[in-house]
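Naming convention: chains lettered A, B, ... in sequence-line order (proteins, then strands); numbering from 1 in each chain.
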Amino acid sequence: MSFNFKGLNEEQQKAVQCTEGPVLILAGAGSGKTRTLTHRIAYLLLEKKVKPSSVMAVTFTNKAAREMRSRIEEILGSTIAPLWMGTFHSICARILRREAEHLGLGQNFTIYDVDDQVRALKKVIALLSVPQQIYSAKLIQNRLSRVKNRFLFPADLEKMEPQDGLDEYLPDIYREYQKYLMSNNAVDFDDLLLKPIELFNKNEKIRKKYADKFRYVLVDEYQDTNHAQYLFIKKLVQDHHNICVVGDEDQSIYGWRGADISNILNFNKDFPEASVFRLEENYRSHDNILKAANAVVKNNESRIGKNLWTKLQAGDKIRLYEADDELDEAKHIVEVIHDEMFTKKRNFRDIAVLYRTNAQSRVIEDALRKNDINYTIVGGTRFYDRKEIKDILAYLKIIVNPADSISLKRIVNFPLRGIGETTISKIEKFAEIEQIILFEALGRVEEIASISPAMSARVLEFYKLIKNFIGLSSELSLVELVSTLTSETGIMHHYQTEYDQYESESRVENIRELFNSIEQFTEERKRDKQPADLAAFLEEVSLLTDVDTWNQANSAVTLMTLHAAKGLEFPVVYITGLEMGLLPLQRTMAQLAELEEERRLLYVGMTRAEENLYLSYTRQRRRYSSSVVNTPSLFLDEIPSELIEMITSGKGKTSVGRGRKKSRSKKIQAYFEHAGSQIDEDSEFKVGQPVYHATFGKGKIVSLEGRGENMKITVYFTDEDITKKLIKQYANLSPIEAT
DNA sequence: CAGCTGTATCTTTTT
DNA sequence: GATACAGCTG
């Protein structure tokens, strides 16, 4: 029987069959990327007789991995359990779990989320007397994470010229922080990626083991990989070069998280022998939507460039709504949903409302709730980030890994047991002197002279409680353990009694939901014939995203950020808040590279739509506590007007419509004065002029484009050795005397 | 030590 | 317009 290529176009078929050597698949939005990937894997297994255990496939979310796995199993008609499929983080965690001993970690290590990282950093910076007023733990966490994503170590930082005050402290903070994590038998999100690479670097035998095992490596959403992820992949494929990456530079939206778009732009340099396939036929969106999205993204400079086309009908025009404010916008969303439901007979699940920031969801939620429209919201506070859930998880983490003092401190006095801050720091000090972990120090609390016997008794009671649960954890099932835990520690009682009725109910309900998810997890594991132990559950939970738990089959309108929408599709998409300062976001507007990422974000949003696309902006929007007057996003002017149908609200439509239209086109003209136009003779900026910028320091102007406030200024910054393209109006650049 | 109250900061996106 | 945290009081 020969392989069934049904449903694949010619280019897709070629990409499927080119199994050996490096392959780059440039796949535009809606071009059947997932289909191609699943068939490629199925082809490897079926036609090339590759064992599932020899394949690693990296996806962007766990949800994508699950879906791809089940589609492949459908094609094959058999399970492919030994095939490694998951996110970088989950795959790396798996390797780390196996090889922990080589890195001085216990295999029961804990994964710290951002919250835990900040707590750990607070401790470290107090120890190093870093001025916390100037450099908050949150800021440091951010900076440190960026550094780690670039695979830099404290020693590397020391060799570099410090750019600001924090850089002076950073190597020490970094070193102490890692030491602290090690003593807690914990790793953070970034370590999950770094540690395996470190291990591969220092232990060739282990690297070879994995490189030999994974003869075929596939990476989806390659445009959003960071440098560490790039290195990880490189280590695995450097011998056999059987690497297939799929991506679309126009959908790179995670630059702020360290994603390096040059990974995909330079794939050909890394692997000169690479075969390149371009998937440019779009199967998802009606032509008007696609044309509009193309028209927007073509304004970006940093792209390979492609011509995405479709055989589908033109369809409706894109509807653009000008709202008075965010309340009016929400009202219009409700109207649109009603209209789509009744006149087009759509289901709630066909509709998605997208926005730039999570904060925008509130008003929309209120409006939907008032109008009895079912909705689910993806993102914001994750289920597993809710306080009542995190408290329980902290208990579980201690049980698995008693060295985890961050979690221990979180719950040692919750529910209240009368063990306060002072007592804990005394015990911490004792632990340091004795060179033992905090948890063991609790058991020896009586040796600390400054702690009263009454207090010692309370501490010991807590210690025994946890000890007892550690013993129970091997006897009870997961669900039994957790339900015993919530009752015996008094957590359940606390949430049932300590709050007003409404809050109490919702928290208890969340705890019940946790029980459900544990049961579900246990069943899934059983089905996959994998152990359903506590450590596995905790790992899954810390690597889960909100999208992973979202279920499109539910009958509800989906609300989420543009970022979360990546990879999804809906018949109807409504994108809100297309305003200067919001999309693009204010702080991105000065730098061309960041502005382009905002443009890609809108592109991603628009290309989620199959049949109907709605856009809106408000003339006025509440931000923080005051109202801001907005101008429409410059991106709106990039959409050809014949593709847009303006919708106005009942009141005062005509005057508003006319006045706005004019100011819009004038604005955009100014914004996109191109290189061909005359150089502004009166400007204080000339090529060669030395300038100063608050963040990047001193520099020199390399070239100028356009004129007036929207002039694009390319500057080479000497201190940082980087060239940046800035937009005058927002860049806050000042000329300085030549030195 | 716990609970209360006022203040600062947050809002960019997330593995 | 919430929420975390510092600082104060009982």
Side-chain angles (χ1 to χ4, degrees), chain A residues 58-65 86-93 111-115 117-119 122 132-133 136-139 141-142 145-146 148-149 187-194 221 224-226 228-229 252-259 354-363 366 378-382 384-385 387 412-425 451-452 454-455 458 498 539-548 560-566 577 581-589 594 597-598 600-602 604-605 621-626 628:
Chain A
V58 189
T59 57
F60 199 70
T61 62
N62 294 297
K63 182 180 155 66
T87 62
F88 274 107
H89 287 85
S90 65
I91 284 176
C92 286
I111 299 169
Y112 279 173
D113 64 13
V114 175
D115 191 55
Q117 287 174 47
V118 169
R119 285 165 195 254
K122 274 191 183 149
Q132 265 199 70
Q133 271 67 31
S136 69
K138 190 81 205 66
L139 175 88
Q141 186 274 326
N142 231 298
S145 181
R146 283 179 159 273
K148 290 172 81 169
N149 280 329
V187 299
D188 66 20
F189 278 139
D190 305 316
D191 287 333
L192 286 177
L193 303 172
L194 297 203
E221 307 281 9
D224 279 323
T225 50
N226 64 34
Q229 291 164 339
S252 163
I253 54 175
Y254 283 93
W256 54 271
R257 199 171 80 189
L354 310 179
Y355 36 79
R356 176 66 242 260
T357 66
N358 281 308
Q360 287 167 255
S361 72
R362 255 188 75 110
V363 181
D366 288 345
V378 179
T381 337
R382 266 176 8 130
Y384 293 102
D385 285 340
K387 186 188 175 303
V412 66
N413 200 25
F414 176 85
L416 297 176
R417 311 189 163 82
I419 306 172
E421 196 63 33
T422 4
T423 309
I424 286 301
S425 39
I451 293 178
S452 71
M455 182 63 77
R458 287 184 226 169
E498 295 296 303
E539 178 178 313
E540 165 145 323
V541 159
S542 32
L543 297 179
L544 222 50
T545 64
D546 228 38
V547 182
D548 292 330
M560 61 181 144
T561 63
L562 288 159
H563 281 92
K566 182 160 95 154
L582 190 57
L583 182 60
L585 212 56
Q586 191 69 46
R587 56 208 294 174
T588 65
M589 281 157 56
E594 292 189 19
E597 183 153 310
E598 297 288 302
R600 289 194 290 268
L601 203 46
L602 175 60
V604 167
R621 181 182 293 275
R622 269 189 103 72
R623 292 255 261 164
Y624 334 100
S625 51
S626 57
V628 193

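- Side-chain N/O atoms of A/Thr561 include one lying less than 4.0 angstrom from OP1 or OP2 on B/dT14.
- Closest to the side chain of A/Trp256, out of C/dC5, B/dT11, B/dT14, is B/dT14.
- Checked against B/dT11, B/dT15, B/dT13, the side chain of A/Ala359 finds its nearest nucleotide in B/dT11.
- Aromatic ring pairs are classed by plane angle as parallel below 30°, tilted from 30° to 60° and perpendicular above 60°; the pair A/Phe189 and A/His89 is perpendicular.
- Residue contacts for A/Leu585: at a heavy-atom cut-off of 4.0 Å it reaches a base atom on one of the strands shown.
- For A/Asn226 and B/dT15, the shortest distance from a side-chain N or O to OP1 or OP2 is not below 4.0 Å.
- If you check every strand for non-hydrogen atoms under 4.0 Å, A/Phe88 touches nothing.
- Contact annotation for A/Thr423: backbone-only contact, meaning every heavy-atom pair under 4.0 Å involves sugar-phosphate atoms and none involves a base.
- Between B/dT11, B/dT13, C/dA2, one nucleotide has an atom nearer to the side chain of A/Asn358 than all others, and that is B/dT13.
- Regarding contacts with the backbone of C/dC5, a side-chain N or O of A/Lys122 is found under 4.0 angstrom from either OP1 or OP2.
- Listed candidates were B/dT13, B/dG3, C/dC5. Nearest to the side chain of A/Leu416 is B/dG3.
- Contact of A/Arg257 with B/dT13 (side chain to base): no donor-acceptor pair of N or O atoms is detected under 3.5 Å.
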